[in-house]
There are 2 protein chains.
Amino acid sequence: MTMEFEKLADILKALADPTRLKILSLLRIRDCCVCELVPIFNISQPAISKHVSRLKTAELVRETRKGQWVFYSINEKRLEEIGYALSHLPDLSEELRKLEQQGLTVTCE
Amino acid sequence: MTMEFEKLADILKALADPTRLKILSLLRIRDCCVCELVPIFNISQPAISKHVSRLKTAELVRETRKGQWVFYSINEKRLEEIGYALSHLPDLSEELRKLEQQGLTVTCE
DNA sequence: GAACCATATAACCATATTGTTATTTATATA
DNA sequence: TATATAAATAACAATATGGTTATATGGTTC
């Protein structure tokens, strides 16, 4: 199954930040709560909170409340989906065929 | 080999746009020049030019001038690298160990 | 050389992103 | 109930992104 460009771009945007990539790396080792992540980074608690929220919206992580803490876990399946989607982008042969029919293709040599 | 978070994030940012993903899909079928890409999208020639330039900076495409045209081709290797990097993010066990030593880990239940 | 076509760059604008501090909400505990 | 801690949200600022139109650059052809 191919993934729509807009949807794939949205998930890639969620991934495309060094802080969020580092958070995912940490979650790959074990689930963490926000207060554990904060001292690892040089940014504020609300900044971390917004980053994990962004990851959650993209379904790259899941949250579980445990008492006063909210633990985040990685969604490995979602990450695999991205790798798959990148190697199976939608087939646009039709677009190029239309271009040819309109005489807009460039042939040289 | 793992990829630095900043570098990986930069390449993912180059990928994280529906127009650029669609351009990559088209290039997967065959090399295209800018003037072929323009009529496929609803945006101006300079906009397309900037998108391919962004992809080139991230080494996701390569350019070859042929007469007055500049043909762009996909760099499949780079795309494979991204998939690999996502499944082999840097190991941050050390960071979590430091956290433990500082008594900042949260244990509940 | 002049005119033409393809592409890149410049200057600009609207919106998105990523951080901040202050405050609110949720839960645990004295 | 009052207080403390964890996390989320609000309001804001600086910068990045993605588009525009106008112009410059590179190459071809008359």
Side-chain angles (χ1 to χ4, degrees), chain A residues 5-6 9-24 26-27 31-58 60-73 99 103-109, chain B residues 5-7 9-24 27 31-58 60-73 99 103-109:
Chain A
F5 294 118
E6 284 76 12
D10 279 344
I11 305 172
L12 287 170
K13 270 179 199 159
L15 273 177
D17 176 89
T19 301
R20 291 194 289 271
L21 286 172
K22 191 168 177 182
I23 290 174
L24 287 176
L26 290 162
L27 296 184
D31 298 358
C32 291
C33 56
V34 173
C35 69
E36 288 179 314
L37 295 173
V38 170
I40 294 175
F41 297 88
N42 265 338
I43 57 176
S44 64
Q45 173 267 318
I48 297 288
S49 183
K50 277 199 287 186
H51 279 303
V52 291
S53 164
R54 185 95 203 256
L55 289 170
K56 201 183 68 174
T57 302
L60 287 159
V61 303
R62 296 217 180 80
E63 68 170 39
T64 319
R65 179 171 278 277
K66 287 189 182 168
Q68 53 188 157
W69 300 281
V70 177
F71 279 80
Y72 288 90
S73 57
L99 207 68
L104 294 173
T105 49
V106 172
T107 38
C108 55
E109 283 163 329
Chain B
F5 294 118
E6 284 77 10
K7 189 180 174 186
D10 279 345
I11 305 172
L12 287 170
K13 271 178 199 160
L15 272 177
D17 177 88
T19 301
R20 290 193 290 271
L21 286 172
K22 192 168 177 181
I23 289 174
L24 286 177
L27 296 184
D31 299 357
C32 291
C33 56
V34 173
C35 69
E36 287 178 316
L37 295 172
V38 171
I40 294 175
F41 297 88
N42 265 337
I43 57 177
S44 64
Q45 173 268 317
I48 296 289
S49 185
K50 279 201 286 186
H51 279 304
V52 292
S53 163
R54 183 94 204 256
L55 289 170
K56 201 183 69 173
T57 301
L60 286 159
V61 303
R62 297 217 179 81
E63 67 170 39
T64 317
R65 179 172 278 277
K66 287 188 182 169
Q68 53 189 157
W69 299 280
V70 177
F71 279 80
Y72 288 90
S73 56
L99 207 69
L104 295 172
T105 50
V106 172
T107 40
C108 57
E109 282 164 331

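A note on names: the letters A, B, ... follow the listed sequences, proteins ahead of strands, and every chain is numbered from 1.
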Exercise. Please state how far atom CZ in A/Arg54 lies from atom P in C/dA16, giving the value in whole angstrom units.
Key: 11 Å

Quiz item: Between C/dT18, D/dT20, C/dA8, which one does the side chain of B/Ile43 approach most closely?
Solution: D/dT20

Self-check item: With A/Glu63 via side chain to side chain donor-acceptor pair (under 3.5 Å) - residues at least two apart
Solution: A/Lys56, A/Tyr72

Quiz prompt | Counterpart residues, side chain to side chain donor-acceptor pair (under 3.5 Å), relative to A/Arg20 (two or more places apart) | solution = A/His51

Practice problem: Locate the shortest heavy-atom distance separating A/Leu60 from A/Ala14; write the atom from each residue and the value. | Solution: CD1-CB, 4.1 Å

Exercise. Search all heavy atoms of A/Cys33 against all heavy atoms of B/Val106 and return the closest pair with its distance.
Key: SG-CG2, 3.7 Å

Self-check item: Value rounded to 0.5 Å, distance of CD1 in B/Ile48 from CD1 in B/Ile40
Solution: 8.5 Å

Quiz item: Atom CZ of A/Phe71 and atom C1' of C/dT27: how far apart are they, to the nearest Å?
Solution: 14 Å

Self-check item: A/Phe41 CZ to C/dT18 C1', straight-line distance once rounded to whole Å
Solution: 14 Å

Quiz item: What is the distance, rounded to the nearest whole Å, between atom CD of B/Glu36 and atom P of C/dC5?
Solution: 17 Å

Quiz prompt | Listed partners of A/Gln68 passing side-chain contact (heavy atoms from CB on, under 4.5 Å), at least two apart | solution = none

Quiz prompt | Where A/Val52 and A/Val61 come nearest, the two heavy atoms and their spacing | solution = O-CG2, 3.9 Å

Enumerate all atom pairs, one protein N or O and one N or O from nucleotides 24-26 of chain D, separated by less than 3.5 Å.
none

Quiz item: Think B/Tyr72 has a side-chain N or O under 4.0 angstrom from the OP1 or OP2 of C/dA8?
Solution: yes

Practice problem: For A/Val52 and for A/Lys13, find the nucleotide of DNA chain D with the closest heavy atom, then tell me which residue's nucleotide is more 5'. | Solution: A/Val52

Self-check item: Given D/dA7, C/dG19, D/dG19, the nucleotide with the shortest approach to the side chain of A/Val70
Solution: D/dA7

Quiz item: Please give, in whole Å, the distance from C/dT7 C1' to B/Lys66 NZ?
Solution: 16 Å

Self-check item: Pairs where residues 33-48 of chain A contributes a residue and the test salt bridge (charged side-chain N to carboxylate O under 4.0 Å, His left out) is met, not counting sequence neighbours
Solution: A/Arg30-A/Glu36

Practice problem: Would you kindly give the CH2-to-C1' distance between B/Trp69 and C/dC4, to the nearest whole Å? | Solution: 12 Å

Between the protein and nucleotides 9-11 of chain D, list every N/O to N/O distance that falls short of 3.5 Å.
none

Quiz item: What is the minimum heavy-atom distance between A/Asp31 and A/Ser73, and which atoms define it?
Solution: OD1-CB, 3.3 Å

Self-check item: Pairwise 5' ranking along DNA chain C for B/Val34 and A/Thr19, keeping only the more 5' one
Solution: B/Val34

Quiz prompt | Rounded interatomic separation in angstrom, taking CD1 from B/Ile23 and P from C/dT7 | solution = 12 Å

Quiz prompt | For atom CG of B/Leu55 and atom C1' of C/dA8, their distance in whole Å | solution = 15 Å

